Asker: 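Before I ask anything, let me first share the structure, which is written out below as structure tokens.
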Amino acid sequence: MSLSKVEPLFLAKLNQLQQQGVRKGDEKIITGILAGEDGLGPRYQLHGYGKRAFLRMNSNSYLGLARHPAVIEAEAQAAEQYGAGPGAVRFISGTYAPHVELERRLAAFHGREAALLFSAAYATMVGVLPQLISEQTLVVSDALNHNCIINAIRLAHPAGKAIYAHGGMHDLEKVLSTNRDRYQRVCVVTDGVFSMRGDHAPLDELDACCARHQSDYPEGIVTLVDDSHGAGAFGGTGRGTEEITGGRADVLIATLGKAFGVNGGYVAASATTIAYLRETAPLYIYSNPITPAEAAAALAALDILESEEGLHLLNRLRSFSAKLRSGLQQLGFETLSGEHPIVPVFVRDTAKTAALVAHLFDHDILATGLNYPVVPQGDQEIRLQVSAEHTEKDLDYLLNVLADFRQ
């Protein structure tokens, strides 16, 4: 067998991950969702755990739109009309009316000329970033950027790479100053909301810094922001980190799989840039798009977000996020201030992080622990994620369970 000589190496790697305490292991399988009752939000049932019902504190579905009747109905109707899948990549025969309409609506939502759909936000970053980088480009990246950005930079093979301290605009200024006359173009790339911590990039300051150095590079400085955790969940109208900071990316990437509750990723930019990416991005050209039904569901989610109901959901999300942060602080847990529904609990110890995750699970709460090397050594944490589907009673229960762990 061709794998017989390499599988021992695979097993060694798995054992190493296990010893480091970072092996993810078997995935928990959701088998059912129970409607909320008695002031509680929905509960989730898992394979192998009988009738136990779990409070889910580790979902990216911030507004609960994945289970919204209008979103489900839109997807069902489109599946009836167009079928279960697209049948081809888009340039052959896989483009459907919902794809085109969704791109138009997303561009308008973000105040851009055009947008382009991909199968996932990860695929969007890996498909887009290399097309913005030439053999004479310097890429500058925030130290805590997501794995999709790190891998996209590796695939791009830029002329140079630099990393600035997390959110460190003085550090970014130094990078741009010291590299003038060495490169034709610079691409500055950052997350909008950082997925492990729930804090956000200072896009207004980043814009100002790049503007000061724009003339230092013959092909200018391009800013690329992945706001997958911000779009739909952050800001007064859900327009993400740009709305919070007043900054604006040249190229904006986001997802349909978090606040919008569906699936897929997208990029929004100028019409020329999107036309260029449509002709050059391999993960767009050679991969099937999201299904027409998913595009229709995303359109329904966008309709909700831009309605009074959407504003209500966003207000509820902010209120619950504030309540959780306040409760954690009163209990003596370390967290970060902010409005985003990602609420980190810094434990700063691998064994204690695992113990806290186990404690929560024993009390029917699903939460995710993040240990080194997923996060830097000393930043081990529990990442709690608030949803508009939660209730006050859910958060009170969570805080009571956490209080028991501290005793």
Side-chain angles (χ1 to χ4, degrees), residues 60 110 115-134 137-169 171-172 175-176 179 183 185-203 205-207 209-210 221-231 233-234 240-242 245 247-259 264-269 273 277 280-284 287 340 342 344 370 372-376 379 383:
N60 296 324
H110 290 292
L116 188 63
L117 294 171
F118 284 76
S119 59
Y122 200 114
T124 310
M125 178 60 71
V126 174
V128 168
L129 181 58
Q131 307 314 311
L132 303 178
I133 294 172
S134 71
T137 299
L138 169 68
V139 179
V140 188
S141 176
D142 187 288
L144 293 188
N145 274 343
H146 190 268
N147 177 269
C148 69
I149 296 175
I150 295 169
N151 278 338
I153 293 172
R154 288 172 178 161
L155 288 170
H157 298 292
K161 293 182 288 187
I163 297 174
Y164 61 92
H166 176 53
M169 294 301 98
D171 204 12
L172 174 60
V175 171
L176 296 178
N179 284 286
Y183 301 95
R185 183 191 312 171
V186 176
C187 184
V188 178
V189 58
T190 181
D191 284 320
V193 172
F194 291 85
S195 61
M196 302 301 176
R197 301 162 57 94
D199 58 345
H200 62 272
L203 295 187
E205 298 176 41
L206 187 147
D207 282 351
C209 181
C210 292
I221 300 175
V222 177
T223 58
L224 174 60
V225 175
D226 182 344
D227 207 21
S228 289
H229 283 276
F234 200 32
T241 306
E242 292 186 331
T245 64
R248 184 177 175 86
D250 295 317
V251 180
L252 178 69
I253 285 173
T255 187
L256 301 168
K258 294 181 171 55
Y266 62 93
V267 55
T273 299
L277 292 171
T280 62
L283 275 80
Y284 171 81
S287 293
H340 195 273
I342 290 176
L370 302 173
Y372 175 83
V374 177
V375 295
D379 282 356
R383 181 176 67 179

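Bear in mind that the values here come from a model prediction, so they are computed numbers and not experimental data. Computed over heavy atoms, backbone and side chain alike; hydrogens, waters and symmetry mates excluded.
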Asker: State whether the side chain of His200 and the backbone N or O of Phe234 hold a donor-acceptor pair below 3.5 Å, judged by distance alone.
Answerer: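 No, because the side chain of His200 does not come within donor-acceptor range (under 3.5 Å) of the backbone of Phe234.
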Asker: With sequence neighbours excluded, what pairs up with Asp207 under the side chain to side chain donor-acceptor pair (under 3.5 Å) test?
Answerer: none
Asker: Applying salt bridge (charged side-chain N to carboxylate O under 4.0 Å, His left out), can you list everything that pairs with Arg185, at least two apart in sequence or on another chain?
Answerer: Glu219
Asker: Are Pro202 and Thr245 packed together at the side-chain level, in the sense that at least one heavy-atom pair is separated by less than 4.5 angstrom?
Answerer: no
Asker: Under the rule for salt bridge (charged side-chain N to carboxylate O under 4.0 Å, His left out), what residues qualify as partners of Asp199, not counting sequence neighbours?
Answerer: Arg197
Asker: Working to the nearest 0.5 angstrom, can you tell me the gap between Met125 CE and Leu283 CG?
Answerer: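 Atom-to-atom, Met125:CE and Leu283:CG are 12.5 Å apart.
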Asker: Counting only N and O atoms by type, is there a donor-acceptor contact under 3.5 Å from the side chain of Asn179 to the main-chain atoms of Leu138?
Answerer: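 The answer is no, because no donor-acceptor pair under 3.5 Å joins these two groups.
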Asker: For His110, which residues count as a ring-ring contact (aromatic ring centres under 6.0 Å, His included) partner, sequence neighbours excluded?
Answerer: Tyr266
Asker: Mark yes or no for whether Thr223, through its side chain, and Asp250, through its backbone, hold a donor-acceptor pair below 3.5 Å.
Answerer: yes
Asker: Considering only heavy atoms from C-beta outward, does the side chain of Val267 approach that of Tyr284 to under 4.5 Å?
Answerer: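 Val267 does not reach Tyr284 side chain to side chain.
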Asker: Only counting residues at least two apart or in another chain, list the ones meeting salt bridge (charged side-chain N to carboxylate O under 4.0 Å, His left out) with Asp142.
Answerer: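 Result, salt bridge (charged side-chain N to carboxylate O under 4.0 Å, His left out) vs Asp142: none returned.
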Asker: Between Ser141 and Val188 (side chain of the first, backbone of the second, donor and acceptor by atom type, cut-off under 3.5 Å), is there such a pair?
Answerer: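 Looks like no, no N/O pair under 3.5 Å.
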Asker: Would you call Leu256 and Leu117 a side-chain contact if the rule is heavy atoms closer than 4.5 Å?
Answerer: yes
Asker: Not counting sequence neighbours, which residues clear side chain to side chain donor-acceptor pair (under 3.5 Å) with Thr241? List them please.
Answerer: Asp227
